[in-house]
Amino acid sequence: MTELSAKPNIAPTLEADRIAAAELLRAEQDAAEKKRARLRRIVTAVLLLVFVPSVIAVGLIGWQDRQYYIVSALIILFSVLPFLLVFEKRRPRARELTLVAVMVALGVAGRAAFYMLPQFKPVVAIVIIAGCSLGFEAGFVTGALTAFVSNMFFGQGPWTPYQMFALGLVGFLAGILFRSEIKSKLQLFLLMLFGAAASVLVYGLIMDTAYVFMAGQNFNLAAFAAAYASGLPFNLILAGATVFFLLVLAKPLLNKLARIKLKHGVFR
Amino acid sequence: MAYETDQRDSFSTVNPIVAFVFFAFALIMPMLLMHPVLTGISFFAALVWLFLLRGKKAFGPLLKFVLPVMLLTAILNPIFNHGGVTILFYFRYNPITLESILYGAASALMLGAVITWFSCFNAVFTADKIIYLTGRFAPSLSLIISMALRFVPLFTKQAGRIALAQRGAGAGTHSRNIFKKARNGLSILSALITWALESSVTTADSMRARGYGLHPRKSFANYRFDGRDAAIGALIAAGILATGLAAGFRVFSVRFFPSFKLNAVTPLFIAACAVYALTLLIPTIMYLEEALKWRLLRSKI
């Protein structure tokens, strides 16, 4: 009799202990996760602000007669790889992988769907949205892999490393500058402004610079000026496309992503 | 396109690591040396192989896209670059020099060779080979690439299903009005994105249920490294070593500025060029050998 009555008394305390222990464990894991996230942010910032400029500096000092493309492609490769490896070494969860894969596939399909309109592509807009919603790390990965995978359909070339870097940087900047939800018209406007700037000043500028290197032209101001001037109309079309697709897609797509993130607990 | 291999091309069946080393060599040499003779050899070898791989239709895009870029490069260089001592004439008070014209021509040749080699690369390096190569050091990223490649046709198919369902429910449109069509397209896109995001989570859960991320992963590989791969790899390595040594001992050297100067044509130079040409023609030789073997066997039957 005493045993029977004792049991219900003990069970709740055990249950409560277990809950408390689980909460403690979760709190510890959260703290560890936060610490790791902070470390990763520092590592990425160091990579971007110290490593990349120093590689460029070494490249400029060792800038051999007419090996512009090789040196520049190596610089680009060395600045893309660390970002990808940071993502790789963090051992992303399966849900994060599949979500990034969906964003990459949307970008690739978007580029394929608008194949008949030169430069009028939703790719930059989709990478910006991915960066906003999934964060700067996944944003970089989405951008770089969108360029790589879409070139598996449209052809790899000497431009591939530059495209990977340029689109990755767009995703990275979007992740740093913007939050994942759009609550006011002003935020949408700012995002569209960023989209236009990223198309012309980040993607366009990097790809036009790449052309000068690819053509093996001499490193002088006039050649760069000519490349930028001839690239500007194309970059403006791209900027127009990005603004248009952000206007149409940003709000619904960000809302859908926010819902998925909340519902399934990914990328928080 | 990204998935199919040419069954008749025998180099497409060698181990991707060997093939990758070959392409890296073929792509880097013209850019590194910019020697007109070597670049010419390289361009020729790439064109021959591309013709074998893709037939006549490979040359349409090459003529439409590569030739203009090459011409533009050759013309723009003398206009922007006034280095060199041999002034030919003045263009709007700017000296046009022989050296910068030669340099422009060499750059154009280099660009043509590199883009043609990339066309061969695109034909040979199918998605599975790229994933085989990247899967070793970046399994998660290769998984994303692999899933994205699968999602593209899947999404296209699903978009068709959604359109059909909407039409069946009376929500679609047959209208030719472009605005109505665009509106309809957007609603299909919206449904597609929701479906894609949700199904991506289902896929992830299914992966986890099958033990993804529990152990260090081994990846499925369709490629063995057999005796033939070792033999071809050794040949390519010997070719790279010989060309590298020749470059190191300045057997090939070229200087464009201030005056154009090519290395002396010695027997050693000719031998080195022959080795370089043979190395780059390995895929072509393999293709022709296979074709010949097939023809001989068939005529006996």
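Below, chains carry the letters A, B, ... as their sequence lines are ordered, and counting in each starts from 1.
- Taking OH of B:Tyr212 as the reference point, atom OG1 of A:Thr98 lies at 9.5 Å (rounded to 0.5 Å).
- Of the inter-residue distances, the one linking A:Phe148 atom CZ with B:Leu141 atom CG reads 10.5 Å to the nearest 0.5 angstrom.
- Atoms CG and OH, on B:Leu72 and A:Tyr211 in that order, are 4.5 Å from each other to the nearest 0.5 Å.
- Heavy-atom neighbours of A:Tyr228 OH from other residues, nucleotides or ligands within 6.0 Å: above the threshold of 12.
- For residues 147-158 of chain A, the side-chain hydrogen bond (donor to acceptor under 3.5 Å, both in side chains) pairs, not counting sequence neighbours, are A:Arg111-A:Ser150, A:Arg111-A:Asn151, A:Asn151-A:Thr160, A:Asn151-A:Gln163, A:Gln156-A:Thr160.
- Highest contact tally toward chain B, considering only A:Pro158, A:Ala225, A:Ala144, is held by A:Pro158 [criterion: heavy-atom pairs under 4.5 Å].
- Of all the heavy atoms in A:Leu99 and B:Ser200, the pair that sits closest is CD1-OG, 3.4 Å.
- The two atoms that bring A:Val104 and B:Ala148 nearest to each other are CG1-CB, 3.6 Å, heavy atoms only.
- Within a 6.0 Å sphere centred on CZ of B:Phe23, heavy atoms belonging to other residues, nucleotides or ligands number more than 12.
- Looking only at heavy-atom pairs under 4.5 Å with chain B, the residue among A:Val100, A:Thr146, A:Ile260, A:Val141 that has the most is A:Ile260.
- Heavy-atom distances place no part of B:Leu192 under 4.5 Å from chain A, backbone and side chain included.
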Practice prompt. Could you please spell out the steps behind the side chain to side chain contact (heavy atoms under 4.5 Å, CB included) verdict for A:Arg95 and B:Arg208?
Written response: CA-CA 9 Å; A:Arg95 283 175 176 182; B:Arg208 272 197 64 192; 5.9 Å; no
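- Counting heavy-atom pairs closer than 4.5 Å to chain B, the top-ranked of the candidates A:Leu106, A:Val108, A:Leu85 is A:Leu106.
- Of residues 247-258 of chain A, those residues with a non-hydrogen atom less than 4.5 Å from any non-hydrogen atom of chain B are, in numerical order, A:Val248, A:Leu249, A:Leu253, A:Lys256, A:Leu257.
- Taken from CZ in A:Arg259 to OG1 in B:Thr194, the straight-line distance is 7.0 Å, to the nearest 0.5 Å.
- Rounding to the nearest 0.5 Å places CD1 of B:Ile193 at 7.5 Å from CE of A:Met103.
- For the atom pair CD1 of B:Ile145 and CE of A:Met152, the computed distance is 6.0 Å after rounding to the nearest 0.5 Å.
- If you tally non-hydrogen atom pairs under 4.5 Å between each of A:Gly107, A:Ala109, A:Gly157 and chain B, the highest count goes to A:Gly157.
- Residue A:Leu145 touches chain B through its side chain alone, counting heavy-atom pairs closer than 4.5 Å.
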Exercise. Dump the intermediate steps for side chain to side chain contact (heavy atoms under 4.5 Å, CB included) on B:Met207 and A:Arg93, then the final yes or no.
Key: CA-CA 10 Å; B:Met207 280 162 63; A:Arg93 293 160 55 200; over 6 Å; no
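- Taking B:Val69, B:Leu27, B:Ile130 one by one and counting their heavy-atom pairs under 4.5 Å with chain A, the maximum is reached by B:Ile130.
- Heavy atoms closer than 4.5 Å to chain B are found in both the backbone and the side chain of A:Leu97.
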